[in-house]
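Notes follow once the structure below has been shown.
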2 protein chains.
Amino acid sequence: MATASNQCLDCSVRDTSLCGGADTDDLAALSAIGRRRTLGAGQVLTWAGDANLLCANVVAGILKVTAATANGREQIVGLLFAGDFVGQPFTDDSTVTVTALSESDLCIYPRERFERVLGKAPGLEHALLRWTMAALDNARERMLTLGQRGAQERIAGFLLDLVDRASPGGPSNVISIDVPISRGDMADFLGLTIETVSRQLTRLKGMGAVALPRGGRTILVQDRAILEALANLG
Amino acid sequence: MATASNQCLDCSVRDTSLCGGADTDDLAALSAIGRRRTLGAGQVLTWAGDANLLCANVVAGILKVTAATANGREQIVGLLFAGDFVGQPFTDDSTVTVTALSESDLCIYPRERFERVLGKAPGLEHALLRWTMAALDNARERMLTLGQRGAQERIAGFLLDLVDRASPGGPSNVISIDVPISRGDMADFLGLTIETVSRQLTRLKGMGAVALPRGGRTILVQDRAILEALANLG
DNA sequence: CGGGATGTTGATGGCAGTCAAGCTCGGTGG
DNA sequence: CCACCGAGCTTGACTGCCATCAACATCCCG
């Protein structure tokens with residue numbers, strides 16, 4: 001067991017992931033059922049509607065959680081970063097599709113064994129509860145955005161979220177963000193079209209709020225105050 | 001303690017609420033910190049931004065969970081029925097407002113004491129985890145609706161949800177629904193305006209999918225198949 | 001250097017929001 | 001008993017935002 005848990009103790013998301021809520025014994029149990037796997041950009045981890053066979057922790061990379069309508073319109077209902085939990089314990093079928101947006105490393109657990117470990121490790125279950133409640137809170141904020149805010153507010157708010165994720169404490173006024181996702185994914189995340197996202201970004205450029213070097217995925221936030229004024233946050 | 005838990009054993013939501021996951025000892029602990037309270041229609045249980053002082057189970061009635069933008073636009077991010085859990089354990093400030101839509105009975109627990117009971121009752125915490133995951137799943141489905149579906153699809157889907165809630169097994173073709181909320185709340189729930197909701201309902205009436213006696217809150221679903229065709233469910 | 005994926009820009013149209021008027025119904029008080 | 005009133009709902013006219021369709025630019029990879 002000592003060797004098994006050592007690989008967890010070295011893990012880069014040891015403290016930020018669920019495992020932060022696990023004591024040494026719990027970690028050993030988790031470690032015994034987990035295995036590492038790398039997903040290439042675009043690869044799918046789980047499909048909506050398929051049997052729900054696995055849970056995982058994100059060790060590195062970015063993934064999207066998507067739901068789709070019958071006629072093929074897609075909504076990104078969540079983004080996952082290093083330290084986030086993936087999966088739907090206690091349900092038999094997946095309701096969402098999880099896809100890697102960039103090359104990603106995961107620590108994967110067979111779902112039923114993961115549930116059994118949870119049942120014996122209250123600390124872990126507690127950590128998962130807190131994570132799930134935070135995700136719910138996040139989902140509620142996004143419902144507000146999708147239901148009530150205009151395109152400009154959605155974009156500005158999204159950029160502010162990226163800034164805060166990139167530099168949690170940094171009140172620096174000019175910040176370079178490496179936007180982790182394509183325009184298309186931004187659109188699916190915000191409930192807009194690619195064209196509207198593009199237009200709003202050039203509009204922000206015109207206002208001096210951002211700069212868009214080379215038209216790529218790097219965004220330079222030049223005036224946070226403008227974004228905040230436009231975002232209309234609650 | 002026997003007397004304390006007896007009042008719980010008689011509770012009408014004993015099996016459908018969180019308490020279904022509690023053994024006799026846990027129930028006694030819960031019962032010791034809980035007290036009943038009735039809210040009139042329109043009364044607010046918790047305000048977004050206020051100190052987060054309580055959690056509760058819904059014993060009877062209907063409540064809405066709302067978030068609002070800085071300029072006052074409101075989005076209903078959840079509806080609560082008998083058996084549902086209310087509250088945000090482990091966070092210091094409420095992020096949402098909870099308001100009774102009809103006269104409602106709640107079983108209220110001071111938040112910190114509730115958390116302490118949770119810590120000693122893994123069965124309860126497990127039940128809360130499952131409830132929260134179900135709520136998250138629900139929230140994801142609603143993000144799909146708010147981000148991708150048109151007004152007609154939203155209305156049709158909402159009516160189908162009401163039908164399924166009212167008669168879970170009943171495949172009867174003509175169903176009377178007592179819509180529990182006003183047009184305004186329907187609009188806030190679906191991310192639409194009152195006028196659009198009204199127009200879409202009369203449109204459905206024109207198609208023969210529903211009947212709207214007296215323009216009130218009763219809706220007669222006359223042709224479920226039409227609604228399903230319009231809802232475009234995933 | 002070519003070709004496909006990704007992003008930008010433009011023209012147009014439709015769906016839902018806004019503003020406004022009228023209707024229905026339940027309640028209240030003269 | 002009826003007149004009045006106000007809240008909630010419906011309907012209409014108009015506007016505006018964003019989706020759609022389309023063409024073009026740019027970047028990346030071979």
Side-chain angles (χ1 to χ4, degrees), chain A residues 40-42 64 69 71-75 101-103 145-156 158-159 177-206 210-220 230 232, chain B residues 40-42 64 69 71-75 101-102 145-159 177-206 210-220 230 232:
Chain A
K64 63 176 175 180
T69 62
N71 57 353
R73 296 176 78 113
E74 180 176 297
Q75 175 69 39
L101 292 177
S102 65
E103 183 167 297
T145 293
L146 293 171
Q148 303 295 145
R149 291 199 237 258
Q152 191 160 208
E153 296 168 305
R154 298 188 198 194
I155 299 281
F158 180 68
L159 292 180
I177 308 175
D178 213 11
V179 182
I181 63 178
S182 70
R183 294 286 191 273
D185 285 325
M186 268 181 79
D188 287 343
F189 185 79
L190 296 170
L192 300 169
T193 59
I194 296 177
E195 294 93 325
T196 299
V197 171
S198 183
R199 271 186 254 271
Q200 293 298 333
L201 283 175
T202 59
R203 189 139 175 264
L204 289 177
K205 184 172 71 173
V210 303
L212 306 171
R214 295 182 308 162
R217 294 187 188 184
T218 295
I219 297 182
L220 228 66
L230 294 175
N232 189 23
Chain B
K64 63 176 175 180
T69 62
N71 58 353
R73 297 176 77 113
E74 180 175 298
Q75 175 68 39
L101 291 178
S102 65
T145 293
L146 294 170
Q148 302 296 143
R149 291 198 238 258
Q152 191 159 172
E153 297 168 305
R154 297 188 198 194
I155 299 282
F158 181 69
L159 293 181
I177 309 176
D178 213 11
V179 182
I181 63 178
S182 70
R183 295 285 190 273
D185 284 325
M186 269 181 77
D188 286 344
F189 185 80
L190 295 170
L192 300 169
T193 59
I194 296 177
E195 294 94 326
T196 299
V197 170
S198 184
R199 271 186 255 270
Q200 294 297 335
L201 282 175
T202 59
R203 188 138 176 264
L204 289 177
K205 185 173 71 174
V210 303
L212 306 171
R214 294 182 308 163
R217 294 189 188 184
T218 295
I219 297 182
L220 227 65
L230 294 175
N232 188 24

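Letters A, B, ... mirror the listed sequences (proteins, then strands); counts begin at 1. The figures that follow rest on heavy atoms only: side chains count, while hydrogens, waters and symmetry mates do not.
When the nucleotides dT8(C), dA16(C), dC9(D) are ranked by their closest atom to the side chain of S198(B), dC9(D) comes out on top. Across dC18(D), dT8(C), dC9(D), the shortest atom-to-atom separation from the side chain of A151(A) is found for dC18(D). Of the candidate nucleotides dA19(D), dC9(D), dT8(C), dC9(D) has the atom nearest to the side chain of R217(B).
The base of dT20(D) lies close enough to the side chain of R199(A) for a donor and an acceptor atom to sit less than 3.5 Å apart.
Nucleotide dC9(D) holds its C1' atom 15 Å from the CD1 atom of I181(B), rounded to whole Å. The distance between atom CZ of R154(B) and atom C1' of dC15(C), rounded to the nearest whole Å, is 11 Å. Remark: P of dA11(C) and CD of E195(A) are 15 Å apart, rounded to the nearest angstrom. Regarding L190(A), its CG atom lies at a distance of 12 Å from the P atom of dC18(D), rounded to whole Å. If you measure from atom CD of Q200(A) to atom P of dC18(D), you get 6 Å, rounded to the nearest angstrom. What separates CG of L212(A) from C1' of dT6(C) is a distance of 14 Å, to the nearest Å. In this entry the distance linking CZ of R183(A) with P of dT6(C) reads 12 Å, nearest Å. Atom-to-atom, CE of M186(B) to P of dG8(D) comes out at 16 Å; the value is rounded to the nearest Å.
Distance alone, capped at 3.5 Å, places no donor-acceptor pair between the R217(B) side chain and the D178(B) backbone. Under the 3.5 Å distance criterion, the side-chain polar atoms of R73(A) are left unmatched by any main-chain donor or acceptor of R149(B).
At the heavy-atom level, L192(A) lies under 4.0 Å from the strands shown only through sugar-phosphate atoms. When heavy atoms are screened at a 4.0 angstrom cut-off, R73(A) is found touching the sugar-phosphate backbone but no base atom.
For the pair T196(B) and dG17(C), the criterion of a side-chain N or O lying under 4.0 Å from OP1 or OP2 is met.
E153(B) is not listed as a side-chain neighbour of T69(A), based on a closest heavy-atom distance of 4.5 Å or more. You'll find the side chain of M186(B) reaches within 4.5 Å of the side chain of I155(B), heavy atoms only.
Classification of E74(B) and K64(B) as a salt-bridged pair holds, one side-chain N sitting under 4.0 Å from a carboxylate O.
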